[in-house]
Structure formats: structure tokens, C-alpha cells
Protein chains: 2
Amino acid sequence: MCELLAMSANTPTDLCFSFTGLTRRGGATGPHKDGWGVAFYEGQGVRAFHDVDASANSRIAEMVQTHPIKSEVAICHIRQANVGSVCLANTHPFIRELWGRYWVFAHNGQLSDFKSRPGIYEPVGSTDSEALFCQILNHLRDHCHRDSPTEELVDHLVQLSAGFSRLGVFNLLLSNGDWLFTYCSTKMACITRRAPFGPARLRDADVIVDFESETTPDDVVSVIVTEPLTTDEVWDIYQPGEWRLWRRGEAIMQGQAAER
Amino acid sequence: MCELLAMSANTPTDLCFSFTGLTRRGGATGPHKDGWGVAFYEGQGVRAFHDVDASANSRIAEMVQTHPIKSEVAICHIRQANVGSVCLANTHPFIRELWGRYWVFAHNGQLSDFKSRPGIYEPVGSTDSEALFCQILNHLRDHCHRDSPTEELVDHLVQLSAGFSRLGVFNLLLSNGDWLFTYCSTKMACITRRAPFGPARLRDADVIVDFESETTPDDVVSVIVTEPLTTDEVWDIYQPGEWRLWRRGEAIMQGQAAER
């Protein structure tokens with residue numbers, strides 16, 4: 001399987017602390033050693049890093065841990081391969097352009113008997129995850145348009161996610177750079193940090209950060225993961241079928257998909 | 001304007017030497033300080049790095065210079081902004097998926113009065129370059145198909161390039177990961193290195209490499225640039241309107257577009 005990490009913030013914020021915790025699980029404190037990737041939105045642009053090396057030993061991951069890249073939306077994935085060989089083309093997050101925006105997708109899970117339908121977007125690699133991403137974008141292109149209200153897009157995403165969850169495990173992170181859609185099929189947790197900020201200690205590395213020294217009183221930063229990253233904070237656990245839409249650090253919409 | 005660098009090789013080869021020379025021109029020996037980017041194909045996958053910092057001072061560029069990333073096709077660009085602000089969305093190379101492959105594009109030049117037509121591929125940023133790339137892919141999707149012979153694709157690319165050249169400067173690097181298409185509107189040069197390999201000295205940095213110690217006798221590596229990178233080698237200068245198609249280090253097709 002794999003692990004997911006996302007961030008939504010109301011001001012450009014670096015991911016160094018959370019990324020350091022997550023990437024330890026890629027070959028050090030966890031078995032997710034079959035590559036990793038991270039995408040940072042910077043305005044409409046996306047800065048992505050992908051590597052097939054274990055993140056705990058990756059020179060590129062080390063650079064991302066120590067070089068603060070500030071973003072309002074970021075999506076990260078560390079991989080333990082099940083479907084598809086270990087290669088760059090199979091490394092999340094996947095990126096495509098739709099309606100003049102980059103869309104970024106990462107998925108935890110595996111679907112049995114998933115057959116993707118032909119469409120404009122096609123997978124490059126051999127993972128079911130990338131095929132699912134293409135199917136989502138093909139569906140949105142067919143059923144919505146560039147000016148569709150967010151509520152309408154989210155309704156499609158919830159229906160699609162609930163459908164995919166019936167075929168297997170489908171924990172999802174998806175962003176168009178404006179909002180971040182998160183869907184929990186089996187495991188997802190989140191935390192929103194805002195003033196008064198305090199310290200936090202990573203579960204996977206001997207690192208403590210004092211957010212107060214790194215933030216302003218107006219900052220709101222939410223982190224969404226498949227497994228909580230810190231030991232001394234209270235994480236909010238998603239229920240199976242629960243989804244949340246994040247924008248600028250806040251969950252602006254949330255709900256529960258219909259019974260499976 | 002900007003500068004371009006590409007590599008085509010018959011074995012996975014790193015770009016550290018050439019990249020080091022080129023990135024010096026981004027704020028040290030040259031004025032191209034408005035960001036840089038590089039994309040490396042690795043199988044069907046693409047590993048890309050983009051930055052809005054001047055490449056001569058970029059922490060990410062420093063990592064790419066010193067961390068050998070091996071690839072058979074790579075495309076690099078350093079930017080001096082003319083059309084479009086300095087931001088990540090305007091930073092080459094641009095990447096899109098077509099027919100289940102990633103296509104990578106970088107452009108040197110500027111076109112006056114270029115109006116892109118609506119199509120499936122849309123620019124995210126505001127450069128004429130990205131709009132040209134989208135127009136090329138929309139044209140290929142409309143006029144060719146996934147199994148079109150390379151000769152047919154190249155014929156379309158030559159016609160499109162010659163047409164764009166009539167509107168301004170259009171020096172082009174374009175790859176689908178299999179081949180690398182290069183078109184010279186005003187300036188382009190190339191060199192093919194093969195056994196017996198010798199040393200080479202960068203024009204822009206006090207660096208000498210002895211390729212013999214880094215290669216095997218069967219290696220063939222070609223480098224294509226807008227301005228030669230070394231002082232002690234003979235570069236082959238493209239004529240205006242000349243194009244070459246590279247695969248596995250060799251120019252497998254070449255020609256001259258019709259008179260402008």
C-alpha cells in the first residue's frame with residue numbers, strides 16, 4: 001500500500017516538518033520504500049519531485065526536507081508497490097491539465113477488477129491509481145465544465161469515490177490548486193493548526209517544531225494524512241465514506257457518502 | 001529570451017556537466033535569471049524540476065548539478081522573461097500527456113500576434129510558449145493518431161514550426177520520450193560524443209570533464225543547445241529552418257523547412 005500527506009493553508013507554508021516525518025516511513029520507520037513524490041502548488045504552477053529511491057535515503061527527499069518550499073496546497077505520497085512495477089511512471093502524485101489548471105492526484109489503496117474506460121486522459125504507467133485519476137478527469141470533462149460550481153464538481157467526486165470504494169480501498173487526495181478534495185475509504189486523519197500555536201513532536205523522527213516561531217497569528221494550516229504524524233497533538237479521524245473539501249486551511253464542505 | 005539544452009543518448013546518461021554550464025548563464029555568466037527547468041525521461045516517466053530562482057543561485061539547481069540523474073532524453077531551459085510574468089506556471093519545460101505518453105516542450109523565442117485556437121490542451125500560465133505547445137498537441141491530436149508513423153508526425157511538426165517561424169523566433173525542443181525533435185529558427189548547435197571520448201572544458205565555469213572515464217566505448221550522447229557550451233570541441237551549427245530528429249543519441253532524420 002502506501003501513505004498520503006496533504007496540506008491546505010491560507011498563506012504559503014512549507015511542508016518540511018510533516019514531509020520529514022512521512023518520508024522516514026519510506027524505508028526507515030515504515031515499509032513504503034518503492035518511491036515517493038510530492039507536488040507543491042505555487043500560484044497556478046506546480047513544482048513536483050518524484051523519485052524511485054526509498055524516501056528515507058533519497059538525496060532529493062533530503063533537499064525537499066531542508067529547503068523550505070512554500071505552498072498553499074501540497075500533496076505527497078510514499079509508495080509500497082502492489083500494482084505496477086517500481087518505476088518513475090508509476091510514482092504518485094500524478095498530474096494532468098484540465099480547463100487550464102493543473103490537477104494533482106494521489107491515492108492509497110487498490111481496486112480489484114477496475115477497468116478504465118477509454119477517454120482523452122490516458123495513463124502513462126501501469127498503476128490502477130493513475131487509471132482511476134484519468135477516469136475521474138474524463139468523467140469531469142464529460143459531465144461538468146470549467147465554470148461548474150464547486151458544489152457540482154464535489155458531488156461528482158463524492159459519487160465517483162463512493163463507487164470506487166465498492167471495488168476496494170480508495171483513500172484519495174485530489175486538488176485543482178484552488179481546493180483540495182479528500183476522501184476516506186479506510187483511513188484518513190487531519191489536524192488544523194491555528195493560533196495559539198504550540199510545539200509538536202514527530203512520531204517517526206526525533207524532531208520537535210515550535211509552530212509559534214514559524215507562523216503569524218492569522219495562519220491557518222491543515223494537514224491531512226493516512227496515519228497521524230505527531231504524538232502530542234489530537235488528530236481528527238475521518239470515518240469510512242467521509243469526505244472533506246479544504247480551501248485555504250479550512251474544511252469548507254464535508255459529508256458522508258451514501259452507505260456502501 | 002532564454003537558452004535551451006537537450007540531450008539524446010543511447011544509454012542512460014547524466015546531464016551534470018552540460019547542466020552546470022548552462023545554469024551558470026542564469027544570473028552569473030548570462031542574464032537568464034527568471035527561472036529554469038529541466039525534465040528527464042526515465043522510461044515512460046518524467047522527472048522534472050522547475051524553479052523561479054536564478055539557476056546560478058538555486059539550491060534545487062545545485063542538487064541537479066551534483067546528483068547524477070541518468071536519462072536517455074532530457075530537456076532544459078533557462079528563462080529571461082519577455083512574455084508572461086516570472087512565476088512557476090510560466091517556467092519551461094512544459095509537460096502534457098498525449099496518447100499515453102508524456103510530451104515535454106521548451107521554446108526559445110517570441111512570436112508576435114500569436115493567437116492560440118481553442119482545443120483540448122490549454123495553457124495554465126501566460127506565456128506564448130505554452131500556448132504554442134498546446135496548439136501543437138491539439139494539432140497532432142486532430143490530424144494524427146497514436147500509431148502514426150514517426151515520419152508523418154515529423155512532417156506535421158516541421159510544417160507547424162516553419163509556420164510559427166514566420167511569426168517570430170521559434171527555436172524548439174520537443175520530445176515524446178522516444179524521440180527528440182529540434183527545430184532551428186535562429187540559433188541551435190549540436191555535438192555528438194562517441195568513442196574515442198576526450199576531455200571537454202565548459203565555457204561558463206571552470207570545469208573540465210574527461211568523458212572517457214565516465215563512458216563505455218558503445219555510448220553515443222548528443223547535446224543540442226542554443227549556444228555551444230564548451231570551448232575545445234567543434235559544434236555543428238544548425239541553419240535557420242533546419243530540423244533534426246534525434247533518437248538514442250543519433251540524428252535519425254533531418255531536413256530543411258521550405259523557404260520562409
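Everything numeric in this text was worked out from a predicted model, so none of it was measured. Every chain is numbered from 1 and lettered A, B, ... according to where its sequence line falls, protein lines coming before strand lines.
Side-chain contact, A:Thr66 with B:Arg59: a donor N or O sits under 3.5 Å from an acceptor N or O.
For the set B:Pro123, B:Gly45, B:Cys87, the count of heavy-atom pairs under 4.5 angstrom toward chain A peaks at B:Gly45. In terms of non-hydrogen atom pairs under 4.5 Å with chain B, the most contact-rich of A:Gln44, A:Glu42, A:Glu62, A:His67 is A:His67. With respect to chain A, the highest number of heavy-atom pairs below 4.5 Å among B:His50, B:Glu130, B:Met63 belongs to B:Met63. For the set B:Val64, B:Val124, B:Leu98, B:Asp51, the count of heavy-atom pairs under 4.5 angstrom toward chain A peaks at B:Val124. Counting heavy-atom pairs under 4.5 Å between each of B:Gly177, B:Gly100, B:Cys134 and chain A puts B:Gly100 at the top.
Contact of A:Val46 with chain B is made through the backbone alone, with heavy-atom distances under 4.5 Å. Interface residue A:Arg101: only backbone heavy atoms are found under 4.5 Å from chain B.
Counting heavy atoms from C-beta on, the side chains of A:Phe49 and B:Ile60 come closer than 4.5 Å. Side-chain contact between B:Arg141 and A:Ile120: present, with at least one pair of heavy atoms (C-beta onward) separated by less than 4.5 Å. Side-chain contact between B:Glu122 and A:Arg146 is present, with at least one heavy-atom pair separated by less than 4.5 Å.
Judged by distance alone, the side chain of B:Glu97 and the main-chain N or O of A:Tyr121 form no donor-acceptor pair under 3.5 Å.
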